[in-house]
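Everything below concerns the one structure shown next.
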Amino acid sequence: MTQQSIATSDKLDGAVLKVAGVVVLGAIMSILDVTVVSVALPTFQREFDATYAEVAWTMTAYTLALATVIPLSGWAADRFGTKRLYMVALALFTIGSGMCATADTIGQLIGFRVLQGLGGGMLMPLGMTIMTRAAGPHRIGRLMAVLGIPMLLGPIGGPILGGWLIDTASWHWIFLINLPIGAVGLVYAAWALPKDAPEPSESFDFLGMLMLSPGLALFLYGISTLPETGTVTDAEVWVPMLIGAALVIGFVLYSFKPRHPLLDLRLFANRNLTVATVTLFVFIIAFMGAGLLFPSYFLQIHGESTLTAGLLMAPQGIGAMVTMPIAGMLADRVPVGRTVPFALALIAVGFFSFTQVDANTSYWLLCGSLFVMGLGMGGTMMPVMTSALKTLQSHDVARGSTLVNIIQQIGGSVGAAVMSVILTNELNGSRPIPGATDPSGNPVTEAGLAIAVQQQPELLQQFPVEPSLIERGLDFAADSFATTFWVGFVLVLATFIPAAFLPRRREPSHLLDDQPEKAAVPVALH
């Protein structure tokens, strides 16, 4: 079979799925790692005798490393080749995981997380590039649906896996588990991915790197500090955000001058890419930001264990698995502008239930709502990404993937920070308990004590109070969650605005127009 016929075939043959398997394995490692570590923060506090602000840096350092390295991915993929770079990224992530497991201090753990992030940051944009080139224009939707599985299941499987490993073994295993997976991934990549055909003619944009990577890192640092300080007026928040924003704006103004900028903003001349990235940005702020609070509601209001909270989130993943393959096939045949609004409507319907939560909301209602939201998720994220990349020229795919991943990273960080600040400020409005203070000397509120008692009933011996106070505190805390979910619900509705401009007519893909051989290489060599 010829290269062209393979690349334009509607069916996903074994050779394409073999390439997809490599990418999905790397994506699972990278995405699961974020959510697995998130449930280990209380354990890190206890093991390293550290404050929450200190252990939170194990998450923040990883995020900042991602933001720093993602802009380099597009240039590096063209310069060194996607296979070579993907294996280097996978090796960095695996080595970083092993080093994290050896950490003796919280400082060491934070440093090793940076190394992990440098590798993990390249896995997703490189994976999207590899799969887009492998698929050809007629099957991008289906392959992007395959890549979407770990992206949607990571936030669900992570808490379950992390809770189980910590309960049955130790915190070290949330990192050690990556070693055999990484080793298998490296061998698999060496066998399955095609030989590289790099384009070393492009010069590296050093000036752009000096502006964009530090700018993104500083901006996201400021945002990441927002939940801790609770206000944007704190110097630790606005100073790095302002400097970071100035550097990013400087890069935007500069990026149109060099022939090969670090991040090619000229790609936004493609209407599909622009509309899709705006839709994706608003959607991720809304859903990913509020989505992080769903497990917290089960943990803090209902007093469930980490493992149980993760299992209660499973209906969302099941719903996504139902619709994602269907949405992938439709994205290859039907304009996404005709399908995504219906998927967003499902998300909005399911999300509305969480705006009505109280301390006794039925699990049947919440799990049913999560399933409906999952159905919508499966028909939203990956079709929008498909629309963003489908009409790009093949030599622009790596840089387009980089743009989409940066948008995801910034949107996720903004959403998580905004929702955390809103929830924290709402909870802080609870009535303080007279004469009661925590070990740091801060007053204990009714909502704060009620949430703590849900996880540690023995605290009632330290703070003997009437049961009615705990009930009142739980009701207030549940109302605080409901208010925060209202903000997320409004943002989901706002996503309908850019989604209305998604393409409603079929447009030809240009992935094979300029370099048919290159686009088909990942398939044709196997």
Which pairs, with at least one residue in residues 364-383 and sequence neighbours excluded, count as a side-chain hydrogen bond (donor to acceptor under 3.5 Å, both in side chains)?
S353-S369
Could you work out, with side chain to side chain donor-acceptor pair (under 3.5 Å) as the rule, every residue matching T58, not counting sequence neighbours?
none
Tightest non-hydrogen contact, residues E304 and L312, listed as CG-CD1, 4.2 Å
Just wondering, do F501 and T274 contact through their side chains at under 4.5 Å, heavy atoms?
no
For S170, what residues pass the side chain to side chain donor-acceptor pair (under 3.5 Å) criterion, not counting sequence neighbours?
H172
Shortest non-hydrogen contact from G379 to A327?
CA-CB, 3.7 Å
Could you work out, with ring-ring contact (aromatic ring centres under 6.0 Å, His included) as the rule, every residue matching F351, not counting sequence neighbours?
F294
Closest contact, heavy atoms only, L92 versus L115
CD2-CD1, 3.6 Å
Looking at A286 and M419, what are the two nearest heavy atoms and their distance?
O-CE, 4.2 Å
In short, ring pair (Phe, Tyr, Trp, His ring centres under 6.0 Å) pairs touching residues 315-347 with sequence neighbours left out are none
Apply side chain to side chain donor-acceptor pair (under 3.5 Å) to T361 and list each qualifying residue two or more places apart in sequence or on a separate chain.
D358
Do F489 and L493 have side chains that get closer than 4.5 Å, going by heavy atoms?
yes
According to side chain to side chain contact (heavy atoms under 4.5 Å, CB included), who are the partners of I422, at least two apart in sequence or on a separate chain?
V418, E426, T484, V487
Sorted by chain and residue number, the ring-ring contact (aromatic ring centres under 6.0 Å, His included) partners of F93 (sequence neighbours excluded) come out as none
Sequence neighbours excluded, which residues qualify as side chain to side chain donor-acceptor pair (under 3.5 Å) partners of T323?
none
Going by the rule ring-ring contact (aromatic ring centres under 6.0 Å, His included), which residues pair with F496 if we only count those two or more places apart in sequence or in a different chain?
none
With sequence neighbours excluded, residues passing ring-ring contact (aromatic ring centres under 6.0 Å, His included) with W173:
none
Contacts of A477 meeting side chain to side chain contact (heavy atoms under 4.5 Å, CB included) (sequence neighbours excluded), chain-then-number -> I301, L427, A447, I451
